[in-house]
There are 2 protein chains.
Amino acid sequence: MRRHVLIFGIVGGLLIATLQYTEYRFVVIEHSVELYGALIAVLFAAFGIWLGLRITRARETIRETVVVREIPAQAPAVEPFAPNTASRQSLGITARELEILSLVARGHSNREIATQLFVSENTVKTHCARAFDKLGAARRTQAVQRGKELGLLP
Amino acid sequence: MRRHVLIFGIVGGLLIATLQYTEYRFVVIEHSVELYGALIAVLFAAFGIWLGLRITRARETIRETVVVREIPAQAPAVEPFAPNTASRQSLGITARELEILSLVARGHSNREIATQLFVSENTVKTHCARAFDKLGAARRTQAVQRGKELGLLP
DNA sequence: CTAAAAATCACCCAAAAGAATGACGACATC
DNA sequence: GATGTCGTCATTCTTTTGGGTGATTTTTAG
């Protein structure tokens, strides 16, 4: 959070510096204002996207405590799977760990998972390691197997 | 979380103010290039945030419909399980390959499988590689997943 | 506000897994 | 006898995983 401001400050400072520089450099020589504008545009667009993603990601984690409600459950059609919260909590497996675990179970590599969740591969590995530890698994295939046994995975 | 936006707004405002200030200070030119730049900057930043929100919204809605029912964590009744011979043969997967595959699915390592079947680890790897190829899998977890989808594995 | 829990990331190292070859024998079948 | 499939094994090399440790940041709970 403080880092965001810091980064923003730095970028802003650089931007201003660039502004002044380009002012002296280009404007006098009547260079393209469009290029200059486009540069800032791209810069800020990228920053905006990044910020937007960050914001929504924060909101998603809050959302986690949502719906767990009983339902008639008569249609086994496309079985909407709900992980067994009891065994999950008794093992101390966090929601995030389970999320990664389910992606592992779908056959994704750590790198793929990292890309998909917008985190670093190292983070995925950390989550994996902790989940494996809590499940008493030495391999991901074993973890998946255990997870299914415990009703944590579909 | 929403503080991000707030801070972003404030800093943005400050930036614009600064730009205008520097304009009065430095500019001897008729248009304010900075103001122009800042304008697109803000515009694109907003666009970026909007885009970020939009990108993640799709994922969120999916996530929301997920949780519906708890599943009893009890093991499925001891069913014999007969592997689907049709899809097995149509893929050209041999019995031996399926045998190794099922051990992979149970979470065993190549070495363990090799020991268990009295063959070399290299042999296991070969069988694995061929099975993965026939299943179109790049990883063992993926192969297991596909195998279950196809009814080859319990 | 503060303390605890969770999530994030980095680094190093070792082990496992996988890809790409090539090879050899057993066996069935035509 | 030639052919083809299958199971077996080796070698080399690259990638992926996993273990261990420590650190920072964010979130949550009290």
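Just so it is clear: chains get the letters A, B, ... in the order the sequence lines come, proteins before strands, and each one is counted from 1. Computed from a predicted model, the values in this text were never measured in an experiment. Below, each value reflects all heavy atoms present in this structure, side chains not excepted, and no hydrogens, waters or symmetry copies.
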Indicate whether OP1 or OP2 belonging to C:dA5 is found under 4.0 Å from a side-chain N or O atom of A:Thr94.
-> no
Of the candidate nucleotides C:dT8, D:dT17, D:dG7, which contains the atom at the shortest distance from the side chain of B:Arg96?
-> D:dG7
Whole angstrom value for the distance that separates P of D:dC6 from CD of B:Gln89 | 10 Å
Pairing of B:Arg106 and B:Glu112 as salt bridge, 4.0 angstrom limit | no
Separation of D:dG19 atom C1' from A:Asp133 atom CG, nearest Å, is 10 Å
Rounded to the Å, how far apart are B:Leu98 CG and D:dG7 C1'?
-> 15 Å
Does A:Gln142 reach the main-chain N or O of A:Ala138 with its side chain, forming a donor-acceptor pair under 3.5 Å?
-> yes
Look at the side-chain N and O atoms of B:Thr123 and state whether any lies under 4.0 Å from the OP1 or OP2 oxygen of D:dC9.
-> yes
Of residues 104-115 of chain A, the positions that come close to DNA chain D - non-hydrogen atoms, cut-off under 4.0 Å = A:Ser109, A:Asn110, A:Arg111
A:Ile100 CD1 to C:dT8 C1', straight-line distance once rounded to whole Å = 10 Å
Could you tell me the separation between the CG atom of B:Asn122 and the SG atom of B:Cys128, rounded to the nearest 0.5 Å?
-> 11.5 Å
Is there a side-chain contact between B:Leu117 and B:Ile100, using heavy atoms and a 4.5 Å cut-off?
-> yes
Using a cut-off of strictly less than 4.0 Å, decide whether B:Thr126 has a side-chain nitrogen or oxygen near OP1 or OP2 of D:dG7.
-> no
Closer than 4.0 Å, any side-chain N/O of B:Ser120 to the OP1 or OP2 of D:dA10?
-> yes
Taking every heavy atom of B:Ile93 against every heavy atom of B:Arg88, the minimum-distance pair comes out as O-NH1, 2.6 Å
Within-4.5 Å side-chain heavy-atom neighbours: B:Leu135 and B:Leu101 = yes
Can you tell me how far P of C:dA5 sits from NE2 of A:His127, to the nearest Å?
-> 17 Å
Please report, rounded to the nearest Å, how far the P atom of C:dA19 is from the NZ atom of B:Lys134.
-> 14 Å
Hey, what do you get for CD (B:Gln89) to OG1 (B:Thr94), rounding to the nearest 0.5 Å?
-> 11.0 Å
Identify, with sequence neighbours excluded, every residue that meets side chain to side chain contact (heavy atoms under 4.5 Å, CB included) alongside B:Thr126.
-> B:Arg130
Of all of residues 137-146 of chain B, which get a heavy atom below 4.0 angstrom from DNA chain D, listed by number?
-> B:Arg139
Gap separating the CG atom of A:Leu153 from the CZ atom of A:Arg146, nearest 0.5 angstrom | 11.5 Å
In whole angstroms, the gap separating P of D:dC9 from CD of B:Glu121 amounts to 12 Å
Can you tell me the distance, in whole Å, between the CZ atom of A:Arg130 and the P atom of D:dG19?
-> 13 Å
